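On a predicted model such as this, the values are computed, not experimentally measured, just so you know.
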Amino acid sequence: MTKIGVLAVQGDFAEHCQMLKRLGVEVMEVRLPKHLEGVSGLIIPGGESTTITKLMRLYELTDVIIGRVRGGMPIWGTCAGMIVVSHHIVEDGMQPMDLIDLDVRRNAFGRQVDSFEMDLSVSALGEVPFHAVFIRAPIIERLGPQVELLTSLDDGTPVAARQGKVLVSAFHPELTEDTRFHRLFLKLAGVELKDRESH
Ligand code: GLN
């Protein structure tokens with residue numbers, strides 16, 4: 001059976017694991033390079049991107065993950081995960097993994113609007129809007145020419161995108177009951193789901 005890895009060094013990895021298990025997918029919590037063996041895709045969760053970046057280096061995961069993704073392994077970064085996989089972080093000294101050609105800005109909504117929720121239209125997920133939860137979220141400031149925009153806020157700010165098998169979202173699908181974003185990623189990872197749920 002296909003296994004999906006969830007980077008489990010910091011952040012809300014448990015919620016991603018739960019969602020995947022609910023969909024009947026075998027999950028591997030990734031803390032060390034050896035945990036990546038045999039996984040068909042990796043999710044980097046929300047949390048604190050500086051901490052995640054440091055811990056990934058400490059556990060010698062960074063280069064292994066970069067190598068696997070360049071070799072075709074699908075990856076999905078949610079919120080802090082999106083920051084970690086980006087090409088460049090605007091006005092921040094941290095070096096991201098450069099797995100998708102976009103520039104992001106951290107904590108882009110400021111302290112006043114720390115967290116908010118919003119229904120977004122995501123055509124890749126069908127007609128029903130997706131309820132998006134934003135928590136101290138980043139935004140995408142620049143999308144490279146190869147990057148497909150998946151959805152944006154009403155003011156046009158891009159908040160989810162895809163380039164090949166690299167998926168990013170500034171919000172947290174794992175904190176909702178809606179499994180459609182996870183299904184989209186699993187499709188990229190070639191995971192066949194026995195349909196237990198309507199969506
Ligand atoms: N603000 C966090 C960061 O910059 C991301 C927040 C989140 O993942 N919910 O890393």
Side-chain angles (χ1 to χ4, degrees), residues 4 6-23 27 29-30 42-56 75-94 96-97 99-100 102-143 147-162 166-185 199:
I4 295 293
V6 179
L7 185 74
V9 295
Q10 195 266 337
D12 77 332
F13 55 88
E15 285 78 0
H16 274 294
C17 294
Q18 238 166 38
M19 187 74 119
L20 293 171
K21 284 179 191 160
R22 198 175 130 194
L23 289 167
V27 181
E29 292 189 4
V30 174
L42 179 69
I43 298 177
I44 302 193
E48 221 288 319
S49 51
T50 316
T51 311
I52 293 176
T53 299
K54 280 186 188 151
L55 291 174
M56 278 181 18
I75 191 164
W76 174 22
T78 58
C79 201
M82 171 170 108
I83 299 168
V84 168
V85 301
S86 71
H87 166 71
H88 176 67
I89 310 167
V90 178
E91 288 170 19
D92 191 288
M94 190 167 52
M97 286 197 282
L99 297 174
I100 181 166
L102 36 94
D103 297 351
V104 301
R105 180 181 293 276
R106 297 177 67 191
N107 304 318
F109 299 95
R111 284 178 181 268
Q112 251 88 52
V113 241
D114 211 44
S115 304
F116 60 98
E117 302 187 10
M118 185 178 277
D119 284 342
L120 297 174
S121 140
V122 188
S123 59
L125 301 181
E127 280 190 13
V128 179
F130 192 86
H131 189 71
V133 178
F134 292 84
I135 305 168
R136 289 183 289 287
I139 55 165
I140 300 171
E141 284 214 346
R142 183 195 63 85
L143 284 100
V147 181
E148 177 196 352
L149 174 65
L150 294 180
T151 188
S152 39
L153 302 179
D154 291 345
D155 67 1
T157 305
V159 287
R162 183 179 81 99
V166 183
L167 186 63
V168 292
S169 55
F171 48 90
H172 290 269
E174 74 284 6
L175 299 181
T176 69
E177 293 294 304
D178 194 336
T179 58
R180 285 179 295 162
F181 230 101
H182 285 77
R183 287 169 179 273
L184 179 69
F185 179 65
H199 80 237

Practice prompt. Evaluate the side-chain proximity of P173 to W76: yes if any heavy-atom separation is below 4.5 Å, no if none is.
Written response: yes
Discussion item. What verdict does the side chain to side chain contact (heavy atoms under 4.5 Å, CB included) test give for V27 and I4, after you've listed the backbone C-alpha separation in whole Å, the side-chain angles of each residue and the deciding distance to 0.1 Å?
Written reply: CA-CA 5 Å; V27 181; I4 295 293; 5.7 Å; no
Discussion item. Can you confirm whether E174 sits close enough to P45 that some side-chain heavy atom of one is under 4.5 Å from a side-chain heavy atom of the other?
Written reply: no
Discussion item. How long is the straight-line distance from CG of L167 back to NE2 of H182, given to the nearest 0.5 Å?
Written reply: 10.0 Å
Discussion item. Determine whether L153 and F109 satisfy the following criterion, side chain to side chain contact (heavy atoms under 4.5 Å, CB included), listing intermediate values before the conclusion.
Written reply: CA-CA 12 Å; L153 302 179; F109 299 95; 3.7 Å; yes
Practice prompt. Just jot down the salt bridge (charged side-chain N to carboxylate O under 4.0 Å, His left out) partners of E15, sequence neighbours excluded, or say none.
Written response: none
Worksheet item: Given side chains that start at C-beta, do those of I140 and M82 come closer than 4.5 Å, heavy atoms only?
Response: yes
Discussion item. Is any side-chain heavy atom of E177 closer than 4.5 Å to one of R22?
Written reply: yes
Worksheet item: Can you tell if the side chain of V168 reaches within under 4.5 Å of the side chain of V104, non-hydrogen atoms only?
Response: no
Practice prompt. Kindly state each residue pair satisfying side-chain hydrogen bond (donor to acceptor under 3.5 Å, both in side chains) with at least one member in residues 123-138, sequence neighbours excluded.
Written response: D114-R136, E117-H131, D119-H131
Worksheet item: Where do F130 and T151 land on the side chain to side chain contact (heavy atoms under 4.5 Å, CB included) test, with the steps shown first?
Response: CA-CA 10 Å; F130 192 86; T151 188; over 6 Å; no
Worksheet item: Does some side-chain heavy atom of I83 sit less than 4.5 Å from a side-chain heavy atom of M94?
Response: yes
Worksheet item: Is T78 close to F181 at the side-chain level, that is, under 4.5 Å between some pair of heavy atoms?
Response: no
Discussion item. Quick one, R106 with E91, criterion side chain to side chain contact (heavy atoms under 4.5 Å, CB included). Give me CA distance, side-chain angles, the key distance, then yes/no.
Written reply: CA-CA 9 Å; R106 297 177 67 191; E91 288 170 19; over 6 Å; no
Discussion item. Using every non-hydrogen atom in the two residues, find where D178 and M19 come nearest and quote the distance to one decimal.
Written reply: O-CE, 3.2 Å
Response to the item:
Residues L42 and L7: closest non-hydrogen pair is CD1-N, 3.8 Å
Item to complete: Compare all side-chain heavy atoms of L184 with those of R162 and state whether any distance is below 4.5 angstrom.
Response: no
Fill in: Closest heavy-atom pair and its distance - R180, P129
NH2-O, 3.0 Å
Worksheet item: What's the shortest heavy-atom distance between C79 and G46, and which atoms?
Response: CB-CA, 4.1 Å
